[in-house]
Amino acid sequence: MKKFVVVLAAGKGTRMKSKLYKVLHQVCGKPMVEHVVEAAEAINPDKIVTVVGNGADEVEKVLAGKSEFVLQEKQLGTGDAVLTAQTELADQVGATLVITGDTPLFTSQTFQNLFDYHQKKGNAATVLTAQAPNPYGYGRIIRDEQGNVLRIVEQKDGNTEELQVNEINTGVFCFDNQKLFAALKHVTNNNAQGEYYLTDVLEILRNHGEHVGAYKMPDFSESLGVNDRIALAQATKIMQKRINEEHMRNGVSFVDPATAYIDADVEIGCDTVIEANVVIKGKTVIGNDCLITTGSRIVDTKIGNHVTVTSSTLENATMADHTDIGPNSHLRPNAVICSGAHVGNFVEIKNATIGENSKVGHLTYVGDATLGKDVNVGCGTIFANYDGVQKDHTTVGDKSFIGSGATLVAPVNVADHAFVAADSTITKDVARYDMAIARGRQVNKPDYWHKLALSKSEDWQ
Ligand code: UD1
Ligand code: CA
């Protein structure tokens, strides 16, 4: 049987109080609607159609290549939203899964279970339900004494007795595709919100003598609908736990998983240890046998095996195998630390390559530079890359030694096997085997102590 998916993502999300459209708010580094569409993709549907409206361009950009789109011009309700997908789906034969775009926690397994149950029962419509600890805000499932599903009642329309019900509509349904579109034509907006409710389709189908049913999922937490920032934080917490447990199953150790904030697409190798209070974001990939200590923030960075990151910030950078950094250092975009290299504390590196086994130990800025292998950069060195107008590049060859406190004024080249004396300001190239020294000569003033002491108290004599 053909499978289709409709994702509802046209609403503004007034309750979020945000400039950003609701379904684009992120949970663990990924927009909510992208979580939904990725979970739907995993059941291999023949077609995914996303209903867009508010922020249509942005939503389409996020889902490009993963979904087709239909535009709901006015947000008249979830029933009207599904009806806009008729141009893409109405004449198809098969089953259609409808999912709201603000429920980011559903797993593809749950969608598959719903689909299988729906098929087994031969229903025209099956709603995915859950037992909510606090059902406020959700549609309630109204059953008769035999347990048959009669209809769904929205929070704003329910009477006292109906609102006592804890079984809620998760916002996910499976429908016979053609019966869905036929029934949608009968939905009216005669309710408290003046909206065309998708939920009314159940009662309409039932009144037409069709089989409707419910598949109750065992765990409510997957169905959390995000309408405000409180639910967004709850969803993030649940997703975070899920992500970290998956890493643990794959052999990653967490000192305190509750305070390790790891985005959905991050990859981490086995026997890597993540300490407490660590943030790892975006497309970061971390290899095996690494240690990431407290206070590190790592964004879109590639880290090899046997790497130690001590309380440092890394963005769009690369650290090869057997390297280390920190504490309190900063790799900025396009910093490349080659294998065996050491970056110590209070070091900032931007758009620069630190060659194999080279050392940049302390309090140094390296910007726009290429360092060869086995280079030693002394404490407090500055790669002065900016003249106020443009940025220039510096190179330092293999096995060269840069003394402490040097300033290398770009563009400048220090050859391999060369020396730069401490505290030198280097503006001219340094040749192989040479030493450059560029600083004021030392002058000693004899007997200065006593000269100064004349004007001081007797204690100085
Ligand atoms: C909806 C359900 C409710 C269910 C809950 C689950 C209806 C009438 N109510 O309520 O029974 O318990 O979800 O989370 O279906 N949208 C559109 N176009 C519209 C209106 C909404 O695309 O015209 C989209 C929104 O972007 C959102 C989704 O549909 O992603 C759900 O809309 P929302 O307003 O959040 O519905 P709820 O009040 O949460
Ligand atoms: Ca909602």
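Quick note: residue numbers are just sequence positions, from 1.
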Self-check item: Donor-acceptor contact present, side-chain T323 to main-chain I337, <3.5 Å
Solution: no
Quiz prompt | T313 side-chain N/O to R297 backbone N/O, donor-acceptor pair under 3.5 Å | solution = no
Quiz item: Do D392 and Q390 get their side chains close enough for a donor-acceptor pair, meaning under 3.5 Å?
Solution: yes
Quiz item: If only atom types and distance count, is the side chain of D46 paired as donor or acceptor with the main-chain N or O of K3 below 3.5 Å?
Solution: yes
Quiz item: Any ion pair linking K283 and D265 (charged N to carboxylate O, less than 4.0 Å)?
Solution: yes
Quiz prompt | Distance-only donor-acceptor check, side chains Q75 and K12, under 3.5 Å | solution = no
Exercise. Determine yes or no for a side-chain-to-main-chain donor-acceptor pair under 3.5 angstrom, with N305 supplying the side chain and N288 the backbone.
Key: yes
Exercise. Could you go through the side-chain contact (heavy atoms from CB on, under 4.5 Å) check for M217 and F106 one step at a time?
Key: CA-CA 11 Å; M217 53 193 291; F106 283 113; 3.8 Å; yes
Quiz prompt | Chi angles and distances behind the side-chain contact (heavy atoms from CB on, under 4.5 Å) call for L128, T110 | solution = CA-CA 9 Å; L128 181 68; T110 297; 3.7 Å; yes
Quiz item: Does the side chain of S339 come under 3.5 Å of the side chain of D321 through a donor N or O and an acceptor N or O?
Solution: no
Quiz item: With a cut-off of under 6.0 Å to the ring centre and 45° to the axis, is K391 in cation-pi contact with Y386?
Solution: yes
Quiz item: Does atom CZ of F419 have more than 12 heavy-atom neighbours, drawn from other residues, nucleotides or ligands, at distances under 6.0 Å?
Solution: no
Quiz item: Going by distance alone, is a donor N or O of one side chain under 3.5 Å from an acceptor N or O of the other, for T170 and S223?
Solution: no
Quiz item: Do N54 and K22 have a side chain donor and acceptor closer than 3.5 Å?
Solution: no
Exercise. Just grab all the ring-ring contact (aromatic ring centres under 6.0 Å, His included) pairs involving residues 314-370, residues at least two apart or on different chains.
Key: H306-H322
Quiz item: Is it true that a side-chain atom of T236 and a backbone atom of L232 form a donor plus acceptor pair closer than 3.5 Å?
Solution: yes
Quiz item: Are E38 and K30 close enough for a salt bridge, meaning some N to O gap below 4.0 Å?
Solution: yes
Quiz item: If only atom types and distance count, is the side chain of R229 paired as donor or acceptor with the main-chain N or O of K17 below 3.5 Å?
Solution: yes
Practice problem: Show your reasoning for whether salt bridge (charged side-chain N to carboxylate O under 4.0 Å, His left out) applies to E245 and K241. | Solution: CA-CA 6 Å; E245 284 176 359; K241 186 162 181 279; 3.2 Å; yes
Practice problem: Run the salt-bridge test on K399 and D416 with the 4.0 Å N-O cut-off and return the result as yes or no. | Solution: no
Practice problem: Scan side-chain atoms only and decide if T293 and S311 contain a donor-acceptor pair under the 3.5 Å cut-off. | Solution: yes
Quiz item: Between N244 and H247, is a side-chain hydrogen bond (donor to acceptor under 3.5 Å, both in side chains) present by the stated rule, with each step listed?
Solution: CA-CA 5 Å; N244 292 357; H247 286 302; 5.5 Å; no
Quiz item: Considering all heavy atoms of both residues, which atom of C28 and which atom of M239 are nearest to each other, and what is their separation?
Solution: SG-CG, 3.5 Å
Self-check item: Minimal non-hydrogen separation, L71 against A56, with atom names
Solution: CD1-CB, 4.0 Å
Self-check item: salt bridge (charged side-chain N to carboxylate O under 4.0 Å, His left out) between R249 and E246, worked out
Solution: CA-CA 5 Å; R249 274 191 281 277; E246 184 65 17; 3.5 Å; yes
Quiz item: Hey, is R332 close enough to E348 for a salt bridge, meaning N to O under 4.0 Å?
Solution: yes
Quiz item: Would a distance-only check, ignoring hydrogens and angles, find a side-chain to backbone donor-acceptor pair under 3.5 Å from T308 to L291?
Solution: no
Practice problem: Could you go through the salt bridge (charged side-chain N to carboxylate O under 4.0 Å, His left out) check for K350 and D368 one step at a time? | Solution: CA-CA 6 Å; K350 184 219 80 170; D368 299 301; 3.0 Å; yes
Practice problem: Begin from the C-alpha positions of T394 and L371 and carry the test side-chain contact (heavy atoms from CB on, under 4.5 Å) through to its verdict. | Solution: CA-CA 8 Å; T394 297; L371 279 62; over 6 Å; no
Quiz item: Between S400 and H417, does any side-chain donor sit less than 3.5 Å from a side-chain acceptor?
Solution: no
Practice problem: Return the minimal non-hydrogen interatomic distance between S18 and L20, and the atom names on each side. | Solution: OG-N, 2.9 Å
Practice problem: Assess whether salt bridge (charged side-chain N to carboxylate O under 4.0 Å, His left out) is satisfied between E34 and K66, documenting all intermediate values. | Solution: CA-CA 9 Å; E34 199 179 352; K66 295 179 174 163; 2.9 Å; yes
Quiz item: So, the side chain of T129 versus the backbone of I168: is there a donor-acceptor pair under 3.5 Å, distance only?
Solution: no
Quiz item: Any donor-acceptor pair under 3.5 Å linking the side chain of S312 with the backbone of S329?
Solution: yes
Quiz item: What are the two closest non-hydrogen atoms of V36 and G101, and how far apart are they?
Solution: CG2-O, 4.0 Å
Quiz item: Counting distance only, does the side-chain N/O of T103 pair as donor-acceptor with the main-chain N or O of G225 below 3.5 Å?
Solution: no
